[in-house]
Amino acid sequence: MKKIVAIAMAAVMVLSLAACGSQPTAAEQQAAENVAAEAVKEEAPAPETEAVTSPQAETAAAPEIVDSSVLSDDERAAELGIPGAVVLQDTDVLEGKKIGCSICYKGDEWCAALAKGLEALGAYYGADCACEDGDLNDETQTKQIENMIANNCDILMIDPITPDGSAEALTKAVDAGIPVIIYDGYWTDGEEKAETTVTWDQKSTGTITGEYFVNYVKEHNPGQKVRVVELTNAVSTHCQERFVGLHETLDAAVAAGDFDYEVLNKYDSQGNRETAQNAIMAIVEPYDYIISDVDNGAMGACSALQQVGNTDVKVFSMGAYGAEPFGALHDGDPNYTACLNVDAWVLAQFIYEGAINYFSGKENVPTTNIALYMVDADNVEDFWSFD
């Protein structure tokens with residue numbers, strides 16, 4: 001049975017609003033969340049799974065843990081695979097709207113899950129949304145955006161592969177009067193030109209993972225200089241920023257004098273399991289840990305280790321979601337140790353809230369960073385049901 005985690009004060013306020021006969025507005029819900037956040041800050045120390053959001057973001061998603069493995073009580077939503085964790089709105093403002101959507105890379109399981117969520121929510125709200133694969137190629141994504149403009153899309157939802165790679169096409173869309181919602185990554189001119197940006201703080205991703213990793217090493221390798229192998233994706237700006245936060249955190253721990261590490265090797269896994277697996281299989285020097293920017297790399301690394309019977313090296317992922325990684329943690333995988341959870345459905349919910357706000361004439365905040373959590377065997381049931 002999954003554990004129920006909630007922030008009491010926010011729950012009381014939101015339930016009070018719901019009792020009036022309608023869903024709370026975004027402003028009302030945010031007010032409730034702010035009260036809860038202040039109460040937590042003043043009354044109790046931060047739990048290990050506390051959300052960390054960017055200080056540059058003007059708002060953030062609800063800091064509560066959600067389980068996206070249970071389908072919605074809404075029959076129509078359940079038929080579309082939408083989980084109960086998603087807050088649905090009673091609105092028809094998206095009915096018949098043509099949504100142009102491009103995601104950075106469907107070869108990544110998390111991105112594929114997000115694309116599925118975007119399409120399902122589009123169908124729920126009566127919109128036409130088919131999420132295209134940018135395939136980690138700025139030129140491909142630029143052509144997709146240009147086609148969306150030519151096809152008179154009503155709104156664009158774009159996950160930029162790099163901050164400036166499709167900037168010209170995005171500007172053309174804005175100049176043509178088509179609102180643009182940026183998600184997952186960011187657009188350099190997004191604060192000025194995009195309707196809103198819904199994302200997760202990439203640098204904080206590395207910071208949170210780094211803090212967890214330092215504590216893990218202190219517990220399991222006290223006084224030892226540990227050797228680390230890193231799996232990254234050279235094309236992805238998102239992934240590079242994660243390692244910036246990671247290294248800043250690890251280096252600060254070294255400076256504090258109670259932690260030490262060295263990066264033995266760094267491989268470009270290209271977000272691909274087979275590439276990651278081959279890279280790990282080729283390593284001959286002894287090492288202790290693997291840290292991957294995405295879960296494809298982490299899973300490929302685990303496959304390589306398990307092929308040779310190596311249960312000593314532990315693997316950490318800086319971006320994971322779903323039955324496979326959570327199941328590995330729950331079932332005691334000998335290598336897969338912890339991951340940073342980014343709920344694809346929650347991100348999709350906030351993207352659609354941005355679109356609904358726009359067509360309802362409501363103002364959007366410039367940036368929303370969703371909550372981030374480290375997940376391991378001790379708390380995985382907070383995020384996924386295994387009944």
Side-chain angles (χ1 to χ4, degrees), residues 1-7 10-26 28-30 32-33 51 61-97 99 101 103 109-131 157 181 183-184 198 200 320-327 330 341-357 359-360 368 370-371 373 375 380-387:
M1 196 72 180
K2 77 180 183 70
K3 303 170 189 173
I4 306 299
V5 181
I7 308 250
V12 170
M13 292 185 71
V14 172
L15 287 172
S16 298
L17 294 165
C20 296
S22 62
Q23 290 282 355
T25 67
E28 290 166 338
Q29 184 167 338
Q30 186 63 53
E33 294 161 8
E64 72 175 76
I65 297 170
V66 294
D67 177 348
S68 290
S69 63
V70 180
L71 290 177
S72 174
D73 291 334
D74 183 304
E75 184 176 349
R76 184 167 164 233
E79 289 175 355
L80 293 166
I82 299 172
V86 175
V87 178
L88 299 167
Q89 297 194 37
D90 184 12
T91 179
D92 60 2
V93 296
L94 296 181
E95 186 77 36
K97 292 290 188 293
I99 299 175
C101 184
I103 200 161
E109 274 82 354
W110 182 87
C111 288
L114 178 55
K116 176 182 176 182
L118 291 168
E119 292 176 347
L121 284 171
Y124 179 83
Y125 289 118
D128 177 10
C129 177
C131 191
M157 298 174 176
I181 293 179
Y183 67 92
D184 185 22
V198 181
W200 43 305
Y321 165 81
E324 183 180 25
F326 296 157
H330 181 264
N341 171 38
V342 183
D343 194 309
W345 281 103
V346 171
L347 190 70
Q349 171 196 319
F350 278 86
I351 294 166
Y352 270 90
E353 286 186 5
I356 290 168
N357 285 344
F359 288 110
S360 300
T368 298
I370 71 166
Y373 307 92
V375 184
V380 67
E381 290 187 10
D382 292 342
F383 299 89
W384 205 262
S385 294
F386 298 93
D387 295 339

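Source: prediction; values computed, not measured. Note that these values count all heavy atoms, side chains included, but never hydrogens, waters or copies made by symmetry.
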Measure from the side-chain N and O atoms of Asp74 to the backbone N and O of Ala77, and report whether any donor-acceptor pair falls under 3.5 Å.
-> yes
Step-by-step side chain to side chain contact (heavy atoms under 4.5 Å, CB included) determination, Leu118 to Tyr352 = CA-CA 8 Å; Leu118 291 168; Tyr352 270 90; 3.8 Å; yes
Separation of Ser360 OG from Asp92 CG (nearest 0.5 Å) = 9.0 Å
Looking only at non-hydrogen atoms, find the nearest pair between Ala348 and Gly117 and report the distance.
-> CB-C, 4.2 Å
So do Phe386 and Val380 actually touch side chain to side chain, heavy atoms under 4.5 Å?
-> yes
Can you name the nearest heavy-atom pair linking Tyr124 to Arg76, along with the distance?
-> O-NH2, 2.6 Å
Is the Tyr321 ring parallel, tilted or perpendicular to the Trp384 ring (thresholds 30°, 60°)?
-> perpendicular
Nearest 0.5 Å, what's the CD1-CH2 distance between Ile370 and Trp345?
-> 13.5 Å
Compare every heavy atom of Cys129 with every heavy atom of Cys101, then report the nearest pair and how far apart it is.
-> CB-SG, 3.9 Å
Can the ring centres of Trp200 and Trp110 be said to be less than 6.0 Å apart?
-> yes
Going through the checks in order, is the side chain to side chain contact (heavy atoms under 4.5 Å, CB included) test met by Ile99 and Asp128?
-> CA-CA 6 Å; Ile99 299 175; Asp128 177 10; over 6 Å; no
Got a sec, which residues hit salt bridge (charged side-chain N to carboxylate O under 4.0 Å, His left out) with Glu324, two or more places apart in sequence or on another chain?
-> Arg273
Side chain to side chain, Leu88 and Ser72, heavy atoms closer than 4.5 Å = yes
Mind checking what makes side-chain contact (heavy atoms from CB on, under 4.5 Å) contact with Thr91, not counting sequence neighbours?
-> Gln89, Val93, Tyr125, Ile356
Without swapping roles, check the side chain of Glu119 against the backbone of Ala130 for a donor-acceptor pair under 3.5 Å.
-> no
Heavy-atom nearest pair, Asn341 first then Asp343, reads OD1-N, 3.8 Å
Which pair of non-hydrogen atoms, one from Ala355 and one from Met157, has the smallest distance, and what is that distance?
-> CB-CE, 3.9 Å
Would you please test Leu71 and Ile82 for side chain to side chain contact (heavy atoms under 4.5 Å, CB included) and show each step?
-> CA-CA 6 Å; Leu71 290 177; Ile82 299 172; over 6 Å; no
Check whether any side-chain heavy atom of Leu347 sits under 4.5 Å from a side-chain heavy atom of Val342, and report yes or no.
-> no
If you take all heavy atoms of Cys111 and Ile103, which pair is closest and at what distance?
-> O-CD1, 3.1 Å
Hey, is NZ on Lys97 packed in by over 12 heavy atoms from elsewhere, all under 6.0 Å?
-> yes
Hits for side-chain contact (heavy atoms from CB on, under 4.5 Å) against Ala123, two or more places apart or cross-chain, chain-then-number order -> Leu80
